[in-house]
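Values reported hereafter were calculated over all heavy atoms of this structure, with side chains retained and with hydrogens, waters and symmetry mates removed. Throughout, protein chains are lettered first and strands after them, A, B, ... in sequence-line order, and every chain is numbered starting at 1.
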Protein chains: 4
Amino acid sequence: MRKPAKSAFRRRRPTQSRAHETVNAILDAVIRLLKRSGVSAITTNGIAEAAGVSIGSVYQYFPDKRAIFVALHERHIEQVDRILERKISESASGPLKQLVSELMDGMIEAHTFDPELAALLDSEVPHRADGAKEFSCRLHELLRKALAPHAERLGGTGKLDLRAFLLGNMLDALGHAVVLRRPRAVSLRYAKMEATKAILAGIES
Amino acid sequence: MRKPAKSAFRRRRPTQSRAHETVNAILDAVIRLLKRSGVSAITTNGIAEAAGVSIGSVYQYFPDKRAIFVALHERHIEQVDRILERKISESASGPLKQLVSELMDGMIEAHTFDPELAALLDSEVPHRADGAKEFSCRLHELLRKALAPHAERLGGTGKLDLRAFLLGNMLDALGHAVVLRRPRAVSLRYAKMEATKAILAGIES
Amino acid sequence: MRKPAKSAFRRRRPTQSRAHETVNAILDAVIRLLKRSGVSAITTNGIAEAAGVSIGSVYQYFPDKRAIFVALHERHIEQVDRILERKISESASGPLKQLVSELMDGMIEAHTFDPELAALLDSEVPHRADGAKEFSCRLHELLRKALAPHAERLGGTGKLDLRAFLLGNMLDALGHAVVLRRPRAVSLRYAKMEATKAILAGIES
Amino acid sequence: MRKPAKSAFRRRRPTQSRAHETVNAILDAVIRLLKRSGVSAITTNGIAEAAGVSIGSVYQYFPDKRAIFVALHERHIEQVDRILERKISESASGPLKQLVSELMDGMIEAHTFDPELAALLDSEVPHRADGAKEFSCRLHELLRKALAPHAERLGGTGKLDLRAFLLGNMLDALGHAVVLRRPRAVSLRYAKMEATKAILAGIES
DNA sequence: CATGAATGAGTGTTCATTCAT
DNA sequence: AATGAATGAACACTCATTCAT
């Protein structure tokens with residue numbers, strides 16, 4: 001996933017895992033700094049220090065500062081992807097209701113693990129449009145396949161694309177909202193249940 | 001490079017309005033720059049240049065760079081607010097279905113006017129958590145009042161908050177998505193119709 | 001002579017002379033630093049400090065570090081140019097011997113004024129080939145015109161180009177050498193006299 | 001990117017020669033980089049890469065970056081030295097005219113082999129004053145010895161130093177100029193012939 | 001109020017050099 | 001001897017902000 005970077009002089013790493021460790025150390029450091037003081041306060045030297053590596057090593061793995069943020073988003077997206085894929089395979093043979101419920105679970109799981117990070121990633125860290133687009137495509141494919149067995153209930157194969165589109169966007173929106181912005185008086189459990197019901201009704205409408 | 005615009009529009013009106021014009025010129029310039037080259041390429045001097053005012057004047061109206069972005073968001077939010085308020089009052093006495101339909105219309109109207117800007121505002125321009133929170137509160141109040149007449153159909157007064165929460169987030173998400181990310185094969189009209197149906201079913205579930 | 005620099009935001013200076021002063025302050029500072037510690041020790045911040053201006057101002061007048069060195073060379077070349085032009089006009093109607101003698105005088109004058117600088121400019125400060133080429137062209141034109149009245153003595157008009165070429169390069173080389181590298185036992189006066197004789201004989205050969 | 005050259009040429013010869021090969025590989029790499037993108041773009045890591053050796057090996061043979069450039073100049077100077085020494089010995093017993101002609105030949109031979117390199121070495125690669133001085137001393141000695149047999153024709157033994165000084169500088173200047181900067185309309189042969197005549201006349205004056 | 005030249009702290013990035021393997 | 005990953009001091013350059021005019 002990492003590109004060979006702009007310089008022609010960059011060579012491949014000897015140990016794949018060492019590199020992975022360093023990259024993760026850097027990304028984790030960015031998260032810490034992000035929480036402590038926001039994007040605009042983040043500097044590459046600060047990242048290096050917080051990650052416990054030299055600034056030179058940061059530039060060994062990332063061509064520039066932007067790439068670090070991109071990688072952070074990518075890592076997050078991959079996690080969500082993985083979770084949703086698992087949830088889908090787990091409820092592959094079950095009823096539609098279970099599928100939606102599991103997906104909602106997954107979405108919430110992904111954002112409950114580190115709600116602050118999820119919020120920051122969403123609102124502060126610049127996520128170039130392309131990346132987001134690519135992600136929503138991948139997700140869309142995933143959901144279309146997951147909905148396929150329930151096609152007849154959803155208005156036929158011809159409408160699958162639209163259903164997956166609605167499902168994806170509602171999941172994402174309500175997944176975030178339920179964790180981060182639900183009314184104070186409402187519990188996570190209850191909000192989740194209602195959101196699930198709403199989404200289910202929505203795509204079956 | 002300097003444009004003549006300066007002397008043409010300035011006369012008559014009291015300072016209040018002159019200020020307003022300058023502020024708008026600045027915000028419009030920011031939008032232009034944003035579209036041309038992204039947030040990270042925006043500089044205060046660049047803004048002044050693009051707005052046809054001096055950098056000093058920019059600082060007359062905004063305490064610092066951040067404030068410019070905040071104002072940009074606020075202006076956008078106010079527009080959305082105004083549109084939604086109108087839509088709500090227009091369908092105050094109608095059925096729930098009409099209300100949701102009108103709200104969806106409003107949301108799409110707000111984003112169709114300048115979809116690129118809507119996307120940029122959402123993904124690139126840092127929107128400090130507070131501002132977003134405040135907006136969603138105002139929107140939430142608006143929607144709660146709009147839903148109040150339909151309380152019995154929505155599970156009683158006790159559930160109004162939750163319904164407004166679900167409605168607000170689905171509106172926002174699908175409003176954006178329908179304009180910016182709908183499957184290529186689907187028309188705006190049709191996507192809108194289906195999204196409206198989905199939301200309606202969702203909050204009635 | 002100064003180009004508008006790479007940024008689109010650069011504006012023209014209000015007072016031509018203020019700019020000139022600052023530019024000269026910067027170039028003089030570079031010379032001081034050059035003498036004190038060599039090219040490789042020169043930093044843009046060091047230049048700003050030594051010139052008594054802010055680093056920002058340096059970048060107001062020069063697009064980058066290289067441009068400062070280029071300007072330094074240009075200023076030197078212009079000085080030499082001016083001196084030689086004067087010498088040529090002073091001996092326009094005199095014999096060839098006087099012309100060569102005056103030119104040698106001029107060359108030496110140009111390098112005696114600040115021999116250390118002349119040596120540094122020649123050996124340390126990178127002078128991109130183009131600049132040098134352009135200068136030698138200008139000089140070549142100058143010399144060709146100066147030699148024109150003596151054409152018959154120099155083998156005819158057809159050979160003027162070649163004569164000017166030989167003259168220019170010998171002048172430059174011996175001008176430098178006489179000031180900077182003459183044998184210790186030889187006085188400047190005497191070296192100059194002999195060099196002049198040599199050049200004269202050379203172009204008349 | 002890594003070339004196989006390594007294992008092919010290395011065997012047999014003692015370490016002395018292995019070192020010599022590596023050093024030459026490095027210097028040749030520098031020349032290539034120099035031509036491709038100028039001094040300021042040269043980095044030690046880039047040199048190692050281009051030479052097909054590790055950066056560690058570069059530092060095995062050169063204490064620092066400067067030393068690489070010094071070595072490059074030295075290698076060039078040695079070549080010129082060797083050529084001139086040969087030319088001098090070849091025309092030791094001939095007339096002065098032949099000597100000068102042969103020297104000019106040598107100078108041109110040295111620069112015609114790689115004119116681009118000659119120009120770069122002269123204008124771009126920083127040649128610390130000491131090195132240049134040392135070279136011109138060695139050259140001066142050489143020329144003084146070569147001129148000694150012709151002392152009477154050159155104004156006596158007392159003037160030999162001055163004659164050698166003039167000869168050396170004219171040779172160097174016209175040698176460069178004839179190859180790199182002669183007027184477009186003039187052939188190398190003709191320019192060389194005229195330059196030789198000029199120099200001869202110059203030192204005999 | 002407007003202007004825009006001047007400021008300089010702070011930033012991203014490079015690259016000569018080291019040293020454990 | 002050779003390697004090349006790691007280092008981090010140092011640098012060129014930017015740009016938000018100020019303030020004299």
(request) From the options A:Ile26, A:Ile77, A:Leu120, A:Leu34, select the one residue that forms a side-chain contact (heavy atoms from CB on, under 4.5 Å) with A:Leu72. (result) A:Leu34
(message) Using OP1 and OP2 only, check whether a side-chain N or O of B:Tyr61 sits under 4.0 Å from E:dA2.
(response) yes
(message) Show the nearest heavy-atom pair for residues B:Ile47 and B:Ala29, with the distance to one decimal.
(response) O-CB, 3.9 Å
(request) Ignoring backbone atoms, establish whether B:Gln60 has a side-chain N or O less than 4.0 Å from OP1 or OP2 of E:dA2. (result) yes
(request) Using modelled atom types only, decide if a donor and an acceptor are shared between the side chain of B:Ser57 and the backbone of B:Gln60 within a distance under 3.5 Å. (result) no
(request) Might you point out which heavy atoms bring B:Ala67 and B:Pro63 nearest each other, and give the distance in Å? (result) CB-CD, 3.6 Å
(request) Could you name each residue pair satisfying salt bridge (charged side-chain N to carboxylate O under 4.0 Å, His left out) that touches residues 33-53 of chain C, not counting sequence neighbours? (result) C:Lys35-C:Asp114
(message) I need the single residue from C:Leu117, C:Val125, C:Leu121 that forms a side-chain contact (heavy atoms from CB on, under 4.5 Å) with C:Ile31. Which is it?
(response) C:Leu117
(message) Tell me every residue that passes side-chain contact (heavy atoms from CB on, under 4.5 Å) with D:Ala118, counting only those two or more places apart in sequence or in another chain.
(response) D:His111
(request) Return the value, rounded to whole Å, for the distance between atom CD of D:Glu49 and atom P of F:dT3. (result) 12 Å
(request) Both distances under 3.5 Å, Watson-Crick or G-U wobble: on that basis, could you give the dot-bracket string for DNA chain F, with [ ] for crossing pairs and | for other-strand partners? (result) .||||||||||||||||||||
(message) Tell me the closest heavy-atom pair linking C:Thr44 and C:Lys65, and the distance in Å.
(response) CG2-CG, 3.7 Å
(request) Search all heavy atoms of B:Ala48 against all heavy atoms of B:Ser54 and return the closest pair with its distance. (result) CB-C, 3.8 Å
(request) Report yes if a side-chain nitrogen or oxygen of B:Ser54 is closer than 4.0 Å to either non-bridging phosphate oxygen (OP1 or OP2) of E:dA2; otherwise report no. (result) no
(request) Not counting sequence neighbours, which residues clear salt bridge (Lys or Arg N to Asp or Glu O under 4.0 Å) with C:Asp28? List them please. (result) C:Arg75
(request) Enumerate the residues from residues 23-31 of chain B whose closest heavy atom to DNA chain E is under 4.0 Å, giving them by residue number; use none for an empty result. (result) none
(message) For a quick check, with a 4.0 angstrom heavy-atom cut-off, what is the B/S/- contact string for nucleotides 15-21 of chain F, read 5' to 3'?
(response) SBBB---
